[in-house]
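Below you'll find the structure, written out as structure tokens, and then a few comments.
For the numbers below, each heavy atom of this structure counts, side chains included, while hydrogens, waters and symmetry mates do not.
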Amino acid sequence: MAFINADWRDFQNTPAKSETRINSILINDYLRILNQSGWQETHIFQAPLSSERFKANVVSAMQKKKIIGVTSRYVIISKKK
């Protein structure tokens with residue numbers, strides 16, 4: 001099975017150092033769920049995406065607020081245990 005995903009972070013208008021994990025879903029959560037469901041990851045790749053969706057004014061605002069923008073996805077390849 002191949003699974004493409006990205007971390008979901010509750011980061012809107014929040015500097016990176018002030019983010020909390022409470023409302024986030026990270027790669028380790030996906031891996032834990034897959035493993036609990038009888039799958040074992042065999043490969044994890046980080047696939048870069050275009051930064052085109054980030055316009056200059058948005059990037060500038062993110063930089064001023066020290067917000068992290070992500071331009072990649074994870075590809076998780078798993079096999080049944």
Pair Asp29-Arg21, salt bridge (charged side-chain N to carboxylate O under 4.0 Å, His left out): steps then yes or no: CA-CA 11 Å; Asp29 296 313; Arg21 185 163 177 349; 2.8 Å; yes
Are the side chain of [X] and the backbone of [Y] linked by a donor-acceptor contact shorter than 3.5 Å?
| X | Y | result |
| --- | --- | --- |
| Thr42 | Ile77 | yes |
| Arg9 | Ile68 | yes |
| Ser18 | Thr14 | no |

From His43 atom NE2 to Lys79 atom NZ, the distance as rounded to the nearest 0.5 Å: 9.5 Å
Exercise: identify the closest heavy-atom pair between [X] and [Y]:
| X | Y | answer |
| --- | --- | --- |
| Ala47 | Val75 | CB-CG2, 4.2 Å |
| Ala6 | Ser72 | CB-O, 4.2 Å |
| Gln40 | Asn35 | CA-OD1, 3.9 Å |

Decide if atom [atom1] of [X] counts as having more than 12 heavy atoms of other residues, nucleotides or ligands within a radius under 6.0 Å.
| X | atom1 | result |
| --- | --- | --- |
| Gln46 | CD | yes |
| Lys81 | NZ | yes |
| Lys80 | NZ | yes |

Shared hydrophobic cluster for Val70 and Ile67 (ILVMFWY, side-chain gaps under 4.5 Å):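 Looking at the clustering, Ile67 is in a separate group from Val70.
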Stepwise side chain to side chain contact (heavy atoms under 4.5 Å, CB included) test for Leu49 and Arg73: CA-CA 7 Å; Leu49 298 175; Arg73 300 290 181 265; 3.5 Å; yes
Connected-component partners of Phe3 among ILVMFWY, side-chain separation under 4.5 Å: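 Under the 4.5 Å side-chain rule, Phe3 groups with Met1, Trp8, Ile25, Ile27, Tyr30, Leu31, Leu34, Trp39, Ile44, Tyr74, Ile76.
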